[in-house]
Amino acid sequence: MSSNRKIALHYLQHANWKVLPKEDRELLELATRAARGAYAPYSRFKVGAALRMEEGQVVSGNNQENASFPAGICAERTALHAAMSVMPKGTVESMAIVVPQVRGTRPVTPCGICRQALVEQERRQEGPMRLLMGILRGPVIEMFSVDTLLPLSFDSKNLPGKSRKRV
Ligand code: THU
């Protein structure tokens, strides 16, 4: 027997940054500033990310490229790994992502590898991570969990004999 199943995707689209609370605007601004320091001589696509821990610390990151292209890393994972390397038991409450050079109405959303890394962090911290994806002087997409971006994702529970413990 077969059954039809649907996954609903819930997010907010804000017309601009002004409608957001101060701490969200600050995170988006920090991501914008972080993008300026990106090392992206190959793509010339500078991405900034900034996250806020539940405990209040703020960490930013940007994309770092390499002449051997696959060696590069995205802004989201730079920020995430920097934060988790010093706060291994921390909880990421929100992450903002901005590509200042991208204008229009459609904010940049994380690539597939970053979605996988962010979803693993959600499971590690046993709670949702909010995402704010913003266009400079434009709209913001707000998502309440990374799970929304990567439904039916691969999980360590799928690995034989493995379970992900909060260590
Ligand atoms: N990139 C990010 O840093 N984050 C994204 O969400 C999309 C892509 C980077 C990777 C690479 O350095 C450049 O943008 C072009 O793909």
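Along the sequence shown, residues are numbered consecutively beginning with 1. Order of listing sets the numbers, starting from 1, for every ligand and every atom in it.
- Ring geometry, His10 versus Phe144: the interplanar angle falls under 30°, so the pair is classed parallel (tilted spans 30 to 60°).
- Every heavy atom of Thr78 sits 4.0 Å or more from the atoms of ligand 1.
- By the 4.0 Å heavy-atom criterion, Pro110 is counted among the residues contacting ligand 1.
- The main-chain N or O of Arg103 is never found under 3.5 Å from a side-chain atom of Arg106 such that the two would form a donor-acceptor pair.
- For atom 12 (O) of ligand 1, the nearest protein heavy atom (residue, atom name, distance) is Glu65 OE2, 2.5 Å.
- Atom 16 (O) of ligand 1 is never approached by the protein to below 4.0 angstrom, counting heavy atoms only.
- Heavy-atom contacts of Glu76 reach the following atoms of ligand 1: 2 (C), 3 (O), 4 (N), 5 (C), 6 (O) (cutoff under 4.0 Å).
- A donor-acceptor pair is defined here as one N or O able to donate and one able to accept, closer than 3.5 Å; no such pair exists between the side chain of Arg115 and the backbone of Val146.
- Although no hydrogens or angles enter the test, the distance criterion places a donor-acceptor pair under 3.5 Å between the side chain of Asn63 and the main chain of Val47.
- Heavy-atom proximity to Ser43, at under 4.0 Å, picks out these atoms of ligand 1: 13 (C), 15 (C).
- Protein heavy atoms are found inside the 4.0 Å sphere centred on atom 5 (C) of ligand 1.
- In this structure a side-chain-to-backbone donor-acceptor pair under 3.5 Å is missing from Asn66 to Ala71.
- The protein atom (non-hydrogen) at minimum distance from atom 9 (C) of ligand 1 is Asn63 ND2, 3.5 Å.
- Sparse packing is recorded around CD1 of Ile113, with 12 or fewer heavy atoms of other residues, nucleotides or ligands lying under 6.0 Å away.
- Counting heavy atoms from C-beta on, the side chains of Pro110 and Leu149 come closer than 4.5 Å.
- Atoms of ligand 1 lying under 4.0 Å from at least one heavy atom of Thr109, given by number and element, are 6 (O).
- Relative to atom 8 (C) of ligand 1, the option among Gly61, Cys74, Ala49 with the closest non-hydrogen atom is Cys74.
- By the criterion of a heavy-atom distance under 4.0 Å, neither the backbone nor the side chain of Asn62 is placed next to ligand 1.
- Looking at Val47 next to ligand 1, no N or O pair under 3.5 Å apart turns up.
- Remark: the backbone N or O of Trp17 is not paired with any side-chain donor or acceptor of Arg137 at under 3.5 angstrom.
- A donor-acceptor pair shorter than 3.5 Å cannot be found between the side chains of Glu120 and Gln116.
- Looking from atom 3 (O) of ligand 1 to the surrounding protein, the closest heavy atom is Ala75 N, 2.9 Å.
- The shell of residues lying under 4.0 angstrom from ligand 1, judged by heavy atoms, includes Cys111.
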